[in-house]
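The structure under discussion appears below in the form of structure tokens.
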Amino acid sequence: MNTTFIRKFFYGDIPDEKGGESSYEVKQDTTTWPLWEVFIRSKQGLDHKHAGSLHASDAKMAIENARDVYTRRMEGVSIWVVESKYIHATNPEEAGELFEPAEDKIYRHPTFYQLPDEVNKM
Amino acid sequence: MNKDKIDFILSLADSSLILAQRNGEWCGHGPVLEQDIAITNITLDLIGQARCLYQYAADHINQSADQPVNPATEDSLAFLRTEREFKNCLLAEQSNGDWGQTILRQFFFSTYQYFLYQQLKDKGTDTTLSAIAEKSLKEITYHVRWSSEWVIRLGDGTEESKRRMEAGIENLWPYTGELFAPADYEEEMAIDFKTIKTKWAEKINSVLTEATLTHPDGGIFMHTGGKTGTHTEQLGYILAEMQYMQRAFPGCEW
């Protein structure tokens, strides 16, 4: 069975093959489960942070797998999972036009302002 | 503490330890990496329960009238008792079979443990035991949840998974009756096995129904004897492997 997947880049990896397409054809392996991304909120943290990915057949199993794989050393108090194919990523080949224009705009950092003494706790 | 109480605690510990040893056989052989980790996590929970209970039993054995020459420890209780001295339920020692049978064994056992430990927690006459029960219940609640999900997934899965689950139920069902038949040392423990049995059956039925599975109705022969030391042939092999190191090299550590 052929299924179109959204192209996914892991942790900013640039793929070896000449990239650029937003989706590609892969032969779906019916003997493996879909990939899920796991987000964990730690006790101190306010936001869920990407912890990694795992395989599971459905959302329930993904949550349970995430509990066993990513929270066994008391890492978290809350888990989110999302099937990896639903995460859309920027294309590394477009990194230039997307991110480089910000490089020479250092004035966007709030470091050029004289702060009044009254707010020196900032 | 009287001997009945010590035997009772040992039987709780033995069931957890022997099931842990069985589940441990999956380590490195799970169907997928995530489930390999899941089953070994459960195994470690069970070993933790067994350790608490063995330590508690050892304390009381060492204070009792017929205290042994060498003081009992959690290790001596786990590694230096013979097959006849082990009081685990027969269900815990049954072989892993396939993944489906392992899941069913865990589901039947954890559900039983859940309702039994509820009573130990609420009884309140023995604060140590109820504290151990309370701590264990958090783990057990997850074991019930995890195994229930798998029973449903496999029972209501493919033709092949359903067939395997049906075979698993057939293999294990005859060992479920013993759970609710009090051994002589359990008579005085003020545990309401009838209530446990009713609640256990309700939970099992609701999950099996959702899994489109059935279990044998009454009237089939139920094996007993594990709680009083008369085991199936399985336990000898388990102990041979588990105790080999301490038997061959007494007191060895690493």
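Residue numbering restarts at 1 for every chain, and letters A, B, ... go by the order of the sequence lines.
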For this session: Examine distances only and state if a side-chain atom of N41(B) and a backbone atom of D68(A) form a donor-acceptor pair shorter than 3.5 Å.
Result: yes

Problem set entry | Within 6.0 angstrom of E160(B) CD, more than 12 heavy atoms from elsewhere | yes

Exercise. What do you reckon, is NZ of K43(A) surrounded by more than 12 foreign heavy atoms closer than 6.0 Å?
Worked result: no

For this session: Answer with side chain, backbone, both or neither: which region of R153(B) has an atom nearer than 4.5 Å to a non-hydrogen atom of chain A?
Result: side chain

Problem set entry | Rounded distance (nearest 0.5 Å) linking atom CG of D58(A) with atom CD of E149(B) | 7.5 Å

Exercise. Is there side-chain contact between R67(A) and W146(B), with heavy atoms separated by less than 4.5 Å?
Worked result: no

Problem set entry | Donor-acceptor contact below 3.5 Å, side chain E34(B) vs main chain H55(A) | yes

Exercise. Does the side chain of Q35(B) pick up a donor-acceptor pair with the side chain of N65(A) at under 3.5 Å?
Worked result: yes

Exercise. Should we count NZ of K197(B) as having more than 12 external heavy atoms under 6.0 Å?
Worked result: no

Exercise. Above 12 or not: heavy atoms from other molecules or residues under 6.0 Å from CH2 of W80(A)?
Worked result: no

Problem set entry | More than 12 heavy atoms of other groups within 6.0 Å of R51(B) CZ | no

Seminar exercise, completed: The reported gap from CH2 in W150(B) to NZ in K60(A) (rounded to nearest 0.5 angstrom) is 13.5 Å

